[in-house]
Every structure is written in structure tokens, then in C-alpha cells.
Peer 1: 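Pasting in a structure now, in C-alpha cells, and then I'll have a few things to ask.
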Amino acid sequence: MTRYTFPPDFVWGAATAAYQIEGAWNEDGKGESIWDRFSHTPGKVKNNHTGDVACDHYHRWREDIALMRQIGLHAYRFSIAWPRILPAGAGKVNPAGLDFYDRLVDGLLRAGIQPFLTLYHWDLPQALQERGGWARRETAYLFADYAALAVKRLGDRVRYWTTFNEPAVIANHGHLNGEHAPGIQDAPTAYTVAHHLMLAHGLAVQALRASAPSLQAGIVLSQWMVDAASDNPQDRQAADNYWTETESLYLEVLFKGHYPPFVYDLLQAGFPAVQAGDLATIGQKLDYLGVNSYSRHLVGAQGRIEPVPGSEYTAMGWEVCAPALRRLLNKLNAEYKLPPIYITENGAAFEDRVEADGQIHDERRLDYLRQHIQQVALARQDGVDVRGYFVWSLLDNFEWAHGYSKRFGIVRVDYDTQQRTLKDSAHWYRRLIASGEVV
Ligand code: IFM
């Protein structure tokens, strides 16, 4: 059995997002978000589930911090809900919303847990959507104002700031296939949105640094390795194209200062989204890159995603392929000049069973985590500067269009009683964090 050891300063964390756990969707002055509107629209989310209550974290945050302590987390990655602090997205501030995050941050720090704060994990104020949402350039500037407000209040205590979680998912699921809020299906809109998200990112990094020059600013990208289904040249070409078209867009503009040519052509051809100076604004120097990675794409000719006979799949239908994480990290490291990396999400949904004794023996999740963390250790040995790992997710929660049907948590949430129970994976993670070793 090989032992993989991590240094004591390696950051072990868990992640969540506001809409997925907070609930309290219209309490204490919070404004409506696009996800409130979307989930309240019949037929958009499985079983018409909503985030109205979710894990009730808005009221149970103390209990949740106690769980984090019990697991021994060094860090907690969470997002703040823009409409909770600016109900209409701009203008009037909701002091109760700011107070909530203030208390949460203080509670984390008291527990010795480093907050990693994300400004945008998909819950745009609905009022801004009505003015054009991310398809409107103005939204990028309003986002920077929101970032400035948040950092003014929390920047003295929160060191790690992330602008966006997974811009690709915002553009593609929200505006291309319409599976996520705001449910738009239009390719030109999706590319325009992609550019405005990047612009908003650059502007927000400037706003953050203007207020707190020593904070650590970054962005979180969804990155899955792309492998060719076979060695034949057509499959290899298809896999290369797939990587360029789906995985590399944000890396290119953030770290090489330009969009891949095909995107630039699209943006300019009738959608004059890119204005002079935008690329320089986007290319702000970053202190870290967050990588969310769960699986890989196996691509065959014509860009088809191929199933992998004999492979294990999670409840999301995602292949379990841990070595792909190491290969991905090496590829990113070789192709881009990157700041230090944090794995900001990795984890798996499986169908958990509560045993007669009330325990959840989630062997498959535990094994998934073990395998992936081992690959992170190997990538570090290869020379990739990975500084931390966040499991997705701390709690079972609202899995977007799947509602509550998919459970990613290392802590089970009983949605009827809101009771939390540490699964075996959480106990295992606690031991791993305590020892700094994975076997
Ligand atoms: O639940 C999501 C999260 O909000 C963003 N990254 C992927 C997770 C699992 O689908």
C-alpha cells in the first residue's frame, strides 16, 4: 500500500454555494434571484424542487460550523448571494444580508476555519435579469460595484476571494441549453454572456484589490480532462477540437490574453461584445486558480462523448476516472503559466442508504475521494503547484436542475427534519486531515 503525504500547510476544505444550502429565499429583505424565479417555474427543476428552504443553513450556520470543526476542516468555500445584500442588484443595500455574512465569517474564524468566499455562484438578482442579465454589458460594472461593497465589509477578515464559479456553466447551461436559470437557449447570447462574465471578473478583481491590496484573488473554472476514444487520428482530432471548444476558452483569455480564434470570430461577427481594452481588463494577475473537476470526457469521431464499458459511473452519470485528474493538472501546468492551484470542487453523488443504526456507509464516495486525492498527491509529485483540496460538498444540497435527487454531501441532510449526520466519508476525511496522509 502506498502512502501519500501532504505538507502541514496543504489546505483541506469543503465547499458549498449559497442557493444550494441557505434557504431563507425571501427573508430579512433578500431580493429574488434568477434561481428563485427559475425553480418557482413549474417543470424547470426535477420534482419542482426549490431552494426556498434547502439545508436551512441561513438559520443553522452555527451548527454547520460545528460540523466543519468536527471534521477538522482548515477552510470552507462558500458563496454569498448577491440579492441578499443588494436585493435589486444595485442601489439599496440590505444591511441584514451583510450582517449574515459578517456573522458567518466571524464564526468561521473563531472556529479556526479559513473562509474562501465566492462572489457569484449563479444567483443573479432577478431585477438585473429583467434589465438583460449577463447579456448586458452594464451587468459587469454592477458586479464590480457589488464586489466593492462585499470587500469593504468583509475584506478585513476574508483573505481568499473568488469572482466566479464555473463561468462556462453559467454561459452554457444558463444561456445555451437552458437547463439552468435563466433558461435561455441562444448561442450568440451564450458567447456574449461568456465575454461579459470575463469582463466582470477583471473589473471585480480590480475593485477587490483597490479595497484590500493584500487579499488573494482568483477564479474557479470547471475543467474536465478530454481523452480521445482511440488512437486513430480522427478521434484524436475530435478530442483536440472538443478541448478547444469546451474546456480551454476561459483559460486562454485569462492566462494568454486572447480568446481562441473561433470564439473571437463569433463574438465579433454581429455580436460586438469585445471592446478596446477588455482583454487587458480580463487578464488581471491572479493569486490562484480554482479547478473544479469530477470526471473526464472520452471523445470519439464527430465529437461524440463515448461511454466507457466496464467503468464505474456516479449517480450523475459521470465516469469515475481518477487518473484523469492528474493528467488534467499536468496538462494545465504544461500549457499555461498558472498561479498556484486549489482543487475547489471534487466529489461524487451516489445513492446513499441510511442503515438501521442511522449510519451512512458511503463506501463508493469514500473510495472516489481517496482515489482522487491520491492523484492530487501524484500531480504534486509531478511538479504541479496544488495547494489545497475542497470536497464537494460539505452537505447534501440542492443540485440545480436535479433538485434534491442527487446527494454529494459528506454530511447527510434529512430534508424533512434538517438533521445532519456525518457519513463514513466525513469520518474518513477527518482522519485524513488529522494525519495529512492518504493510503
Ligand atoms: O453542485 C455543483 C456546483 O454548484 C458546481 N459544480 C458542480 C457541482 C456538482 O454538479
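In this chain, residues are counted from 1 in sequence order. Bear in mind the structure is a predicted one, so any value in this text is a computation, not a measurement. As the structure lists them, so they are numbered: ligands from 1, and atoms in each ligand from 1.
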Peer 1: Can you find a pair of side-chain heavy atoms, one from N397 and one from Y19, that are under 4.5 Å apart?
Peer 2: no

Peer 1: If the threshold is 4.0 Å, N to carboxylate O, is there a salt bridge linking D102 and R157?
Peer 2: yes

Peer 1: Only counting residues at least two apart or in another chain, list the ones meeting ring-ring contact (aromatic ring centres under 6.0 Å, His included) with W428.
Peer 2: none

Peer 1: Tell me whether the NZ or CZ atom of R304 lies within the 45° cone about the ring axis of Y242 and under 6.0 Å from its centre.
Peer 2: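 Not flagged: R304 not positioned over aromatic ring of Y242.
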
Peer 1: One line per pair, note the atom names and distance for all nitrogen or oxygen contacts under 3.5 Å between ligand 1 and the protein.
Peer 2:
residue: ligand 1; atom: 1 (O); partner: Q20; partner atom: NE2; Å: 3.0
residue: ligand 1; atom: 1 (O); partner: W392; partner atom: NE1; Å: 3.3
residue: ligand 1; atom: 1 (O); partner: E399; partner atom: OE1; Å: 2.6
residue: ligand 1; atom: 4 (O); partner: Q20; partner atom: OE1; Å: 2.8
residue: ligand 1; atom: 4 (O); partner: H121; partner atom: NE2; Å: 2.8
residue: ligand 1; atom: 4 (O); partner: W400; partner atom: NE1; Å: 2.8
residue: ligand 1; atom: 6 (N); partner: E166; partner atom: OE1; Å: 3.3
residue: ligand 1; atom: 6 (N); partner: E166; partner atom: OE2; Å: 2.8
residue: ligand 1; atom: 6 (N); partner: E345; partner atom: OE1; Å: 2.5
residue: ligand 1; atom: 10 (O); partner: E399; partner atom: OE2; Å: 2.6

Peer 1: May I ask you to say whether D287 pairs ionically with R209, meaning some side-chain N is under 4.0 Å from a carboxylate O?
Peer 2: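 Counted as a salt bridge, because a side-chain N and a carboxylate O are separated by less than 4.0 Å.
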
Peer 1: Which label fits H180 and H173: parallel for a plane angle under 30°, tilted from 30 to 60°, or perpendicular past 60°?
Peer 2: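 Taking H173 first and then H180, their aromatic rings sit tilted (interplane angle of 30° to 60°).
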
